[in-house]
Number of protein chains: 2
Amino acid sequence: MTNISDVARVAGVSVATVSRALRGISTVQESTRQRVLEAATQLDYVVSPTAASLASGRTRVVGIITPFLSRWFFANAISAIEKTLREHGFHALLIDLEATGTYDRRQLTTHMLSKRVDGLIAVNIPLRDEELALITRLNLPLVSIGNPVPGCALVQIDEAQTVTAAVDHIVALGHERIGYVGAVPAQAAHTLVPYRRLTAFREALSDHALNVADSWVVSCDWTASDAARQARLLFAETGGPTAIIAGSDEMAMGVMSAAAEADLRIPEDLSVIGIDDHYLSEVLKLSTVRQDVLAQGSAAAMILLHQLLEGSEEITPSLPSNMSSDRVLTVPTDLVPRRTTAPHRGSVSSHSFLGLPH
Amino acid sequence: MTNISDVARVAGVSVATVSRALRGISTVQESTRQRVLEAATQLDYVVSPTAASLASGRTRVVGIITPFLSRWFFANAISAIEKTLREHGFHALLIDLEATGTYDRRQLTTHMLSKRVDGLIAVNIPLRDEELALITRLNLPLVSIGNPVPGCALVQIDEAQTVTAAVDHIVALGHERIGYVGAVPAQAAHTLVPYRRLTAFREALSDHALNVADSWVVSCDWTASDAARQARLLFAETGGPTAIIAGSDEMAMGVMSAAAEADLRIPEDLSVIGIDDHYLSEVLKLSTVRQDVLAQGSAAAMILLHQLLEGSEEITPSLPSNMSSDRVLTVPTDLVPRRTTAPHRGSVSSHSFLGLPH
DNA sequence: CTGTTAGCGCCTTCAG
DNA sequence: CTGAAGGCGCTAACAG
């Protein structure tokens with residue numbers, strides 16, 4: 001394996017110069033840089049990342065902390081993060097905290113982080129105090145998606161506004177008996193978002209002077225199958241809601257499934273709306289409030305990169321004006337009405353929804 | 001940051017002994033090891049992975065090469081791989097080759113691999129010759145999932161048998177007009193699996209002495225939405241198939257959606273079966289041939305770890321007897337019938353697809 | 001069983 | 001603008 005001194009020899013300069021030239025640093029005469037570049041190319045030279053890390057103390061690796069790797073939101077966020085990192089010469093190390101149980105998770109340890117990453121992105125996972133203390137002690141910059149961490153940049157959506165958009169849509173269609181699927185036990189690992197959505201749901205209903213029966217707020221573990229299971233119970237009773245708002249599209253799909261089993265037609269007998277715009281929602285014609293997960297992922301990565309590179313002699317990526325490395329970036333969401341929501345039958349206005357028969 | 005010589009000093013031994021004791025290596029007197037462990041704990045010592053890598057030439061990092069991060073198969077495989085690696089003290093570095101275009105992908109480069117990983121797992125992506133040459137040149141062990149690579153261990157399912165299971169099931173129900181969704185242009189990046197499935201489909205039909213109209217074999221890009229789009233064309237004609245076999249569950253979902261739009265009831269007018277057992281398939285009541293992606297992921301990781309650790313002084317994980325580090329492991333698949341039925345016979349209660357209007 | 005010592009390959013002051 | 005030289009923290013012979 002050819003190393004830096006080979007290049008130095010061929011280029012007829014010192015290793016220090018090679019190091020500087022290759023990193024595009026400061027003051028290296030252009031002609032010198034050219035010679036170095038040629039020598040490097042000719043020798044097929046590739047910097048040893050480990051040696052560089054040991055010497056510099058930086059790894060150009062970012063850890064992605066996440067409670068799940070394979071769920072829609074997380075997989076997409078990770079994908080966007082990885083792409084953005086890569087474009088800037090950084091790499092992504094997976095730190096998956098998923099455990100076997102639904103409401104449990106593994107703990108972040110020194111071993112996972114120490115000397116291994118330059119910074120962290122937490123994807124929608126509330127970090128525990130000890131974990132935050134560890135991160136602080138290791139002096140690792142952290143950007144969080146979805147969960148505010150004091151002193152850290154945050155990328156999020158406006159949960160209240162998102163849920164309100166769904167509720168407003170449903171209410172505008174004339175529904176008054178509206179249920180919610182996606183309440184979550186307090187000990188859930190990924191607890192904040194569910195909590196905020198439920199709270200927003202209650203507030204939005206109350207803004208419309210609407211009541212919710214307790215049994216219309218159903219708890220489940222944020223999977224389609226559990227949502228189906230719980231919704232079945234709901235539909236077993238008569239006089240249930242005419243519309244359901246689900247905390248996520250996957251749960252909405254579960255609800256649709258349970259409704260079909262209960263011989264409820266969608267949207268004639270039941271309107272359903274989710275949140276996300278999951279990649280299958282379009283095909284399932286599920287109304288939803290879309291959130292741009294890829295945008296959230298790359299924004300988080302950009303902000304972190306900016307922090308990591310500022311002060312260095314490298315070109316620091318300039319942040320879009322709407323991002324700031326020490327504050328909150330709120331990515332907009334937007335209502336996507338599809339076929340699963342329609343006017344409540346018997347409501348005053350009997351316009352058909354999107355020209356479709358009810 | 002405390003380092004190995006601090007520990008050595010406190011424990012009253014040499015750095016070499018600390019190194020050995022901490023790695024659980026060979027011949028260190030138990031009492032000595034204890035003292036070292038105590039010192040390390042007391043000092044909150046954590047080995048520097050970069051220094052260790054530089055000195056040893058090994059990184060304890062495995063690269064996961066994949067064409068997609070967020071699609072169901074890939075996200076799950078990655079999740080399983082990461083878990084298995086982690087259990088053995090290894091880390092996962094993402095090498096996502098996804099490009100913007102559907103049928104294109106980025107190329108593996110020296111920069112992504114060199115001195116960065118000890119080994120590689122290729123998740124269902126056919127590596128190009130140059131890429132394989134690179135991997136060979138870097139002397140990196142490779143385990144492949146889904147695509148055979150000469151000289152490398154392979155984890156796969158039996159594609160032919162899997163497709164045949166679907167066909168047999170459909171034929172056993174009495175169908176004779178059977179279509180296939182999931183043919184793929186030859187230039188597709190992830191071309192082998194689609195090709196094998198289509199071939200197997202044709203052979204299976206021919207084994208049953210059944211013919212397929214050309215128009216019943218539809219091409220699409222292996223997403224639900226494109227499958228829906230293409231299937232719509234199919235259903236626009238009359239006298240089409242009474243059953244569809246889709247190359248993946250996601251495509252099957254697209255087919256179901258298109259069928260609903262075309263007023264075809266499932267399963268009365270059309271039986272649909274996919275391959276995968278996607279996490280939404282149960283809720284969508286989609287018949288399928290299940291493959292265990294997690295098993296494939298962890299098997300691949302186990303095999304690679306075994307190769308990486310054998311010959312070292314560390315405890316090498318013993319491979320389950322069905323795995324071998326230099327051959328092919330075929331993970332079984334199994335038929336999961338859900339709502340497929342005999343043709344033209346239904347009329348019990350006719351559930352529409354998720355309660356959606358036909 | 002344990003200690004000594006030379007690197008691993010690069011970055012980064014500090015001189016010049 | 002460039003070179004010299006001392007680490008970064010650990011591992012791996014080689015002695016003992």
Side-chain angles (χ1 to χ4, degrees), chain A residues 1-37 39-40 43-61 89 110-111 114-116 118 138 311-314, chain B residues 1-37 39-40 43-61 89 110-111 114-116 118 138 311-314:
Chain A
M1 228 33 349
T2 121
N3 65 21
I4 199 172
S5 39
D6 296 329
V7 179
R9 199 174 315 114
V10 171
V13 295
S14 71
V15 294
T17 300
V18 174
S19 173
R20 287 188 281 249
L22 257 30
R23 282 180 296 155
I25 267 182
S26 64
T27 49
V28 176
Q29 198 169 285
E30 194 47 37
S31 60
T32 313
R33 184 191 310 283
Q34 282 311 325
R35 256 185 307 142
V36 171
L37 257 32
L43 295 177
D44 266 331
Y45 172 69
V46 185
V47 184
S48 158
T50 49
S53 298
L54 181 56
S56 70
R58 277 167 269 112
T59 60
R60 298 189 78 87
V61 172
T110 315
H111 179 73
S114 184
K115 296 286 174 192
R116 215 175 267 288
D118 288 347
L138 295 176
S312 84
E313 315 202 36
E314 275 186 73
Chain B
M1 227 41 336
T2 117
N3 65 22
I4 198 173
S5 38
D6 296 329
V7 179
R9 199 174 316 116
V10 170
V13 295
S14 72
V15 293
T17 300
V18 174
S19 173
R20 287 189 281 249
L22 258 30
R23 283 181 295 155
I25 267 182
S26 63
T27 48
V28 176
Q29 197 168 285
E30 193 47 37
S31 60
T32 313
R33 185 192 308 284
Q34 282 312 324
R35 257 185 304 140
V36 171
L37 256 32
L43 296 177
D44 264 332
Y45 172 70
V46 185
V47 184
S48 157
T50 50
S53 299
L54 182 57
S56 70
R58 279 167 268 112
T59 60
R60 299 189 77 88
V61 173
T110 315
H111 180 72
S114 182
K115 296 285 173 193
R116 216 177 266 289
D118 289 347
L138 295 175
S312 83
E313 314 202 37
E314 277 185 71

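Every chain is numbered from 1 and lettered A, B, ... according to where its sequence line falls, protein lines coming before strand lines.
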Please tell me if B:Ser19 has a side-chain N or O lying less than 4.0 Å from either OP1 or OP2 of D:dT11. yes
Rounded distance in Å - [atom1] ([X]) to [atom2] ([N]):
X	N	atom1	atom2	value
B:Arg60	D:dC10	CZ	C1'	14 Å
B:Asp6	D:dC8	CG	C1'	14 Å
A:Arg116	D:dC8	CZ	P	21 Å
A:Arg58	C:dG9	CZ	P	20 Å
A:Leu54	D:dC8	CG	P	9 Å
B:Asn3	D:dG9	CG	P	6 Å
B:Glu30	C:dC1	CD	C1'	13 Å
B:Ile4	D:dG9	CD1	C1'	8 Å

Of all the nucleotides listed (C:dT12, D:dT11, C:dC10), which has the minimum atom distance to the side chain of A:Ala51?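 Selected nucleotide: C:dC10.
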Upstream residue (5' side of DNA chain C) when B:Ser31 and A:Gly57 are each assigned their closest nucleotide: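 The 5'-side residue here is B:Ser31.
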With rounding to the nearest 0.5 angstrom, report the OG1 to CG distance, A:Thr2 to A:Leu43. 5.0 Å
Note down the inter-axis angle between the two ends of the helix from C:dC1-D:dG16 to C:dG16-D:dC1, five pairs each, to the nearest 10°. 30°
Looking across every strand, which nucleic acid part, if any, lies under 4.0 Å from B:Val47 by heavy atom: base, sugar-phosphate, or nothing? sugar-phosphate
Name every donor-acceptor pair, under 3.5 Å, that has one atom in a side chain of residues 3-16 of chain A and the other anywhere in the protein, sequence neighbours excluded.
from, atom 1, to, atom 2, distance (Å)
A:Asn3, OD1, A:Ser5, N, 3.1
A:Asn3, OD1, A:Ser5, OG, 2.9
A:Asn3, OD1, A:Asp6, N, 3.2
A:Asp6, OD1, A:Arg9, NH1, 3.4
A:Asp6, OD1, A:Arg9, NH2, 3.4
A:Asp6, OD2, A:Asn3, N, 2.9
A:Ser14, OG, A:Ala16, N, 3.4
A:Ser14, OG, A:Thr17, N, 3.3
A:Ser14, OG, A:Thr17, OG1, 3.2

Could I get a table of every N or O pair under 3.5 Å where one atom is in the protein and the other is in nucleotides 3-7 of chain D?
from, atom 1, to, atom 2, distance (Å)
D:dG3, OP2, A:Ser14, N, 2.9
D:dG3, OP2, A:Ser14, OG, 3.1
D:dG3, OP2, A:Thr17, OG1, 2.7
D:dG3, N7, A:Arg20, NH2, 2.9
D:dG3, O6, A:Arg20, NH1, 3.2

